[in-house]
*Asks:* 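Sending over a structure as structure tokens; questions will come in a sec.
Quick caveat, the model's predicted, so the values are computed rather than measured.
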Amino acid sequence: WIVLVFMLAISAAPAVFIFSTIGIFMNTYAAEFGWSRSQISGCVTLLTASTALTLPIVGYMIDRLGAKRIILISMVLYALCLATIPVFVQQIWQLALMYLLIGIFAIGTTTVTYIRIIATWFDKRRGLAIGIVISGIGLGSAYVPILVQYMISNYGWQSAYYVLASIVILVPLPLIYFVIKETPAMMGLVADGIKAKRAPEISIEKEGVELTDALRSHIFWLLFLIFICISFVLNGVFSHLVPMLTDRGMLAVNAAAAASAVGVTLFIGRILIGYLVDRIFAPYVAMFFFTLSTIGIAILMSGVAGWYAVTASVLIGFSLGAEADLISFLASRYFGLRAFGTIYGLLLSAMMLGIAVSPLMFALSYESTGSYSSILAIAVIVNIAVILMMTLLGPFPNWQKTSIAD
């Protein structure tokens, strides 16, 4: 139940409601207000930059106050922000302000809170549990672009935001309030739902290193760089996918369908990756899926449309979101759970920095050259560099603990 609820919750996170729809709203804003792609992308950059700066603070708070109360408060504020956009926004600075507020107030709806609870509940099947939860990004990315395009086409862009705000309030918020327990100990259990015959000498949430030890590790900084780069590439491509394809002559509804295809494969890929990292060394799994995204971006770079573009989108979808479940799994395995919220928050902020820069950089490249070819070529090179960096990660530490089943 915890995995299912968090999968539904993350399908309504800003990573879905903002990023999977930005390309659709980009065309709408341009038509109604005359805003350029770089202006709109700059607002997204502001959102992700504010999220990146807030993540370490929230991670620290989670380690000390718990995650559930932060999730609930954040969801209410997030829904209010979404509902305020159609009422308040008439100028570009107003959109920028609302995105800034979402970046700050919706911080509790990001993976840093959900994965902290999941990592406490699961050990042996942690990768699969994380993969299923983060597959919610794919679930949302599959239906949200089509839903938003339908609302915009039939009822105006304002209605789309009201629908998104309603989803947050009516689906994940009550489920989390009534269903989620912070730790297995609240139900007389330990990790993996096992009822221990005797308590472990060290509970799973107390294993691992302190923040200072993690910051002295080259693994931490290697992961930091890897996830800045891969998030820059994947989210830059995805945020501009719809306008990129409409520029090539595809109808808006077909371009939105291509974006939804990314969501479908993202959904499947997250579960598959979660299953595999429990059985295969996680950096090897990452290298395989990042290779798929490299091929997909290279196909888009050739200027294709139609089914070729959908194929490229599918390949990219297998990697998009992989950075989120991989970063959480790798952080928990390399550094343990003792300071997981803070460490994961810092690594996730690296990913958010890549996301923050990418939409604007892709837009500026398009407006300066008249196409996306140059920035897509850079994306291919960066993707290859990430694959090579993954080879430098060492084995996981063996955190010693008493068997919880003894």
Side-chain angles (χ1 to χ4, degrees), residues 1-29 32 40 43-44 47 51 67-90 94-111 113-114 133-180 239 242 252-253 256-257 259-260 263-264 266-267 321:
W1 286 109
I2 290 172
V3 170
L4 177 60
V5 168
F6 280 166
M7 181 182 71
L8 292 174
I10 209 167
S11 74
V16 177
F17 280 10
I18 300 299
F19 283 93
S20 72
T21 64
I22 189 61
I24 299 171
F25 281 114
M26 200 175 284
N27 289 339
T28 303
Y29 289 147
E32 180 158 341
I40 299 166
C43 296
V44 180
L47 184 156
T51 300
K68 182 175 177 177
R69 69 182 69 180
I70 295 174
I71 294 172
L72 295 174
I73 294 171
S74 190
M75 276 192 169
V76 173
L77 296 175
Y78 172 40
L80 288 174
C81 288
L82 289 172
T84 301
I85 290 176
V87 177
F88 178 70
V89 171
Q90 294 294 320
Q94 295 167 338
L95 181 66
L97 175 60
M98 293 310 304
Y99 276 18
L100 173 66
L101 294 177
I102 290 174
I104 296 172
F105 293 142
I107 192 70
T109 66
T110 62
T111 57
T113 49
Y114 303 134
V133 169
I134 298 183
S135 73
I137 297 175
L139 176 66
S141 298
Y143 81 86
V144 169
I146 295 175
L147 173 63
V148 167
Q149 185 65 60
Y150 173 81
M151 296 303 299
I152 291 174
S153 299
N154 292 278
Y155 304 103
W157 66 271
Q158 295 89 344
S159 66
Y161 281 112
Y162 292 134
V163 169
L164 296 178
S166 299
I167 290 172
V168 174
I169 291 297
L170 297 177
V171 182
L173 183 65
L175 284 173
I176 290 173
Y177 181 80
F178 289 109
V179 174
I180 297 301
S239 64
V242 172
V253 64
S260 293
V264 172
L266 193 156
F267 177 77

*Asks:* Hey, are the side chains of Q94 and Q90 touching, using non-hydrogen atoms and a 4.5 Å cut-off?
*Replies:* yes
*Asks:* Evaluate the side chain to side chain contact (heavy atoms under 4.5 Å, CB included) criterion for residues L147 and I167: first the C-alpha distance (whole Å), next the side-chain angles of each, then the deciding distance (0.1 Å), finally the verdict.
*Replies:* CA-CA 12 Å; L147 173 63; I167 290 172; 4.1 Å; yes
*Asks:* Assess whether side chain to side chain contact (heavy atoms under 4.5 Å, CB included) is satisfied between V168 and L173, documenting all intermediate values.
*Replies:* CA-CA 6 Å; V168 174; L173 183 65; 5.7 Å; no
*Asks:* I want to check something: taking the side chain as every heavy atom from C-beta on, are L80 and V76 in contact at a cut-off of under 4.5 Å?
*Replies:* yes
*Asks:* What are the two closest non-hydrogen atoms of T110 and T113, and how far apart are they?
*Replies:* O-OG1, 3.0 Å
*Asks:* Given side chains that start at C-beta, do those of F88 and L97 come closer than 4.5 Å, heavy atoms only?
*Replies:* yes
*Asks:* I'd like to check V253 versus I146 (side-chain heavy atoms, cut-off strictly below 4.5 Å). Are they in contact?
*Replies:* no
*Asks:* At their closest point, which heavy atom of L170 faces which heavy atom of P174, and how far apart are they?
*Replies:* O-CG, 3.5 Å
*Asks:* Taking the inter-plane angle between the rings of Y29 and F25 on a 0 to 90° scale, is it parallel (under 30°), tilted (30 to 60°) or perpendicular (over 60°)?
*Replies:* parallel
*Asks:* Minimum heavy-atom separation for A83 and Y162, please, with both atom names.
*Replies:* O-CE2, 3.5 Å
*Asks:* If you define the side chain from C-beta out and look only at heavy atoms, does anything of V148 sit under 4.5 Å from W157?
*Replies:* no
*Asks:* Would you be so kind as to tabulate the donor-acceptor pairs closer than 3.5 Å made by side chains of residues 2-20, with sequence neighbours excluded?
*Replies:*
{"unit_1": "S11", "atom_1": "OG", "unit_2": "L8", "atom_2": "O", "d": "2.5"}
{"unit_1": "S20", "atom_1": "OG", "unit_2": "V16", "atom_2": "O", "d": "2.4"}

*Asks:* Go through the steps for Y114 and I71 under the test side chain to side chain contact (heavy atoms under 4.5 Å, CB included), then give the verdict.
*Replies:* CA-CA 8 Å; Y114 303 134; I71 294 172; 3.7 Å; yes
*Asks:* Could you tell me which non-hydrogen atom of I40 sits nearest to which non-hydrogen atom of M26, and how far apart they are?
*Replies:* CD1-O, 3.7 Å
*Asks:* Between Q149 and S153, does any side-chain donor sit less than 3.5 Å from a side-chain acceptor?
*Replies:* yes
*Asks:* So do F105 and I73 actually touch side chain to side chain, heavy atoms under 4.5 Å?
*Replies:* no
*Asks:* For residues M98 and C81, report the shortest heavy-atom separation together with the two atoms involved.
*Replies:* CE-O, 3.5 Å
*Asks:* Considering all heavy atoms of both residues, which atom of G140 and which atom of P145 are nearest to each other, and what is their separation?
*Replies:* O-CD, 3.9 Å
*Asks:* So Y78 and I169, do their side chains get closer than 4.5 Å, heavy atoms only?
*Replies:* no
*Asks:* Just by modelled atom types, is the G156 backbone N or O under 3.5 Å from a matching donor or acceptor in the S159 side chain?
*Replies:* yes
*Asks:* Do I85 and I102 touch side chain to side chain, with heavy atoms closer than 4.5 Å?
*Replies:* yes
